[in-house]
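Letters go in sequence order (proteins before strands), and every chain restarts at 1.
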Amino acid sequence: MKSDLVLYNTLSRKKEVFKPIDPEVIGMYVCGPTVYGDAHLGHAKSYVSFDLIYRYLKHIFPKVKYVQNITDVGHLTDDADEGDDKIAKQSRLEKVDPMAVVEKYMHNYFRDMDALNVERASIYPRPSGHIPEQIEIIEDLIKKGYAYEVNGSVYFDVAKYNEKHDYGKLSGRNIEEMMEGAANRSLEGQSEKRNAVDFALWKKAEPTHLMQWNSPWGKGYPGWHIECTVMSQKYLGDNFDIHGGGLENAFPHHECEIAQAEAHTDKAFANYWLHNNMVTINGQKMGKSLGNGIFCHELFSGDNFQLDRAYSPMTVRFFILQSHYRSTLDFSNEALEAASKGLDRLQKGVLRLENLKASNNSTIDVKAFEDELYQAMNDDFNSPIAIAKLFDGLKWIAALEKGDERLTEKDLAHFKKTYHTFYFDILGLKMEKNEGTKNEVLDDVMQLVLAFRKAAKEQKDYATADQIRDKLKALKIAVKDSKDGAEWHFED
RNA sequence: GGUCGCGUGGCCGAGUGGUUAGGCAGAGGUCUGCAAAACCUUGCACAGCGGUUCGAAUCCGCUCGCGACCUCCA
């Protein structure tokens, strides 16, 4: 059951049965963030998605080595600020060293990911710490004739590579068409390159460039594809299981990674390529130029003009997991609100599980329930289906409480374990009761207040009882009556 | 312009050649002094137009709409 994992491989554009190189240790590399700004909703979707994948792989296989880079070497901005890289630009803006920019936003990234209950990867390598390794591979590529130096910069010779390999196999591109297209398009650009489709392995640095290193070709800095090739192979080997990243990076970034790696080793690079889709906001794409970006910390605080209120990290995580990682996810307050309420109900169900009593026979097929959950996850990590199954199970929890359904002690334990495994371990959800400021003294005081209210109710003094409840509500404390007496909790 | 993907009910979002996705909201009900919660029941769908088929929302074509990538470059 657990071994029939099927995943969608961008390389083949099909779902394939996952066959690990070594079932004892799975290797996975995922392109991480460039840390020049805070993590936004798009990062949240991406890294929650790969966290789900990581958690499920860890659940199935003995060990998973998960490597995620933290890009700290500047790369050019996408806003037509030619020649200025993102980190350097932010560095000038903040008037601090580039590495201070990196340090600050890297910590913010971890802070936000921790809040989302994203588990830490095994290794977070940084390109700036792997300059010698990058230079080494570039030298090897030059030696093998796949790269050439011009004027202090080094470029990858795509046409040469394509003679014996298939450039474009990941993104479904055809090199001839690309060369034609390039010829018809920009006449300007890098005249240093032999061919428009070639890409930089090493760039000569202007004296004003903030980040630069010595190399056999003079002062410069690495191209933006080589870091991932180098670091994935260094920590996972020449050939490894899974490489993940955002769909928008499939071309050219991932395509170039493959070219560099396979030219260097003449072996297959990653066996499976997984790409997650993006976030839209009210049906529109999220983008700096549109001014509709939302940072994670803004979601958690509600401090953004597009947000009606704050949404807890678990609400955001649950919202993301309710759609498939390969689908686009449309953000709206309505959708977040729905996720918040749904998660609340599911969470209460998981808590209610604890009070169920065993019977001497079972009327529910727990094994079938468990199998359905595994089937969902085995089908390319289909968390929306798994979540739907957990909601279906809620009906049983209610029926078990009423005695309309029964479970033996053994089956009940199995049922609980199944819920816990999927809810906590695989989906990575955690209880998020707003109890941060609850403490024993306050609880004692509340018991006192509730005792007075109970006395008022017994004397049918509902005006007083309701007043107590209303005043407490104003203090963000909700009181709920039930058969077993009154309960209280903080409101969001 | 080129390559690729998507378009599901009020909202979000799975899935499939013929059978209930699920959540939220809505409607009705149980419970309750009231409220809340919980539980039960329930309405609403597959962008448009053609084609293949006994049968398509699911396959094919076209149209419209949306998105990613196509330049040095996370």
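- A:Leu346 places its CG atom 11 Å from the C1' atom of B:G22, with the value rounded to the nearest Å.
- Ranked by how close their nearest RNA chain B nucleotide is to the 5' end, A:Ala388 and A:Pro33 are led by A:Ala388.
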Could you go through nucleotides 5-7 of chain B and list every protein N or O atom that sits under 3.5 Å from one of its N or O atoms, giving the distance for each pair?
none

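- Listed for the A:His43 side chain is a donor-acceptor partner under 3.5 Å among the backbone atoms of A:His40.
- Between the A:Ser49 side chain and the A:Lys45 main chain, a donor and an acceptor come within less than 3.5 Å of each other.
- Under the 3.5 Å distance criterion, the side-chain polar atoms of A:Ser383 are matched with a main-chain donor or acceptor of A:Leu321.
- Of all the residues in residues 38-52 of chain A, not one reaches under 4.0 Å from RNA chain B with any non-hydrogen atom.
- Residues satisfying the ring-ring contact (aromatic ring centres under 6.0 Å, His included) criterion with A:Phe391, sequence neighbours excluded, are absent altogether.
- Atom-to-atom, CG of A:Asp481 to C1' of B:C31 comes out at 13 Å; the value is rounded to the nearest Å.
- A donor-acceptor contact shorter than 3.5 Å is absent between the side chain of A:Gln68 and the backbone of A:Val30.
- The NE2-P distance, from A:His253 to B:C72, rounds to 15 Å in whole Å.
- Residue A:Lys285 has a polar side-chain atom (N or O) positioned under 4.0 Å from OP1 or OP2 of B:A68.
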Pairs: protein N or O with nucleotides 40-47 of chain B N or O, under 3.5 Å:
none

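- Between the side chains of A:Asp330 and A:Thr280, at least one donor N or O sits under 3.5 Å from an acceptor N or O.
- Pairing for B:C66 goes to B:G5, judged as Watson-Crick or G-U wobble with the two contacts each under 3.5 Å.
- At whole-Å resolution of the value, OH in A:Tyr325 and C1' in B:G13 are 17 Å apart.
- Regarding contacts with the backbone of B:A37, every side-chain N or O of A:Lys348 stays at 4.0 angstrom or more from both OP1 and OP2.
- Across residues 454-462 of chain A, A:Lys457, A:Tyr462 each have a non-hydrogen atom less than 4.0 Å from an atom of RNA chain B (numbered order).
- Rounded to whole Å, the distance from CG on A:Asp308 to P on B:A25 is 15 Å.
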### Query
Between A:Asp344 and A:Lys341, is a salt bridge (Lys or Arg N to Asp or Glu O under 4.0 Å) present by the stated rule, with each step listed?
CA-CA 5 Å; A:Asp344 200 43; A:Lys341 288 184 179 164; over 6 Å; no

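- The P atoms of B:G61 and B:U3 are separated by 14 Å, rounded to the nearest whole Å.
- Distance CG (A:Asp392) to P (B:G13): 20 Å, rounded to an integer number of Å.
- Contact of A:Arg173 with B:C4 (side chain to base): no donor-acceptor pair of N or O atoms is detected under 3.5 Å.
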Would you list the protein and nucleotides 15-17 of chain B atom pairs, both N or O, that sit under 3.5 Å from each other?
from  : atom 1 : to       : atom 2 : distance (Å)
B:G15 : OP1    : A:Asn382 : ND2    : 3.3

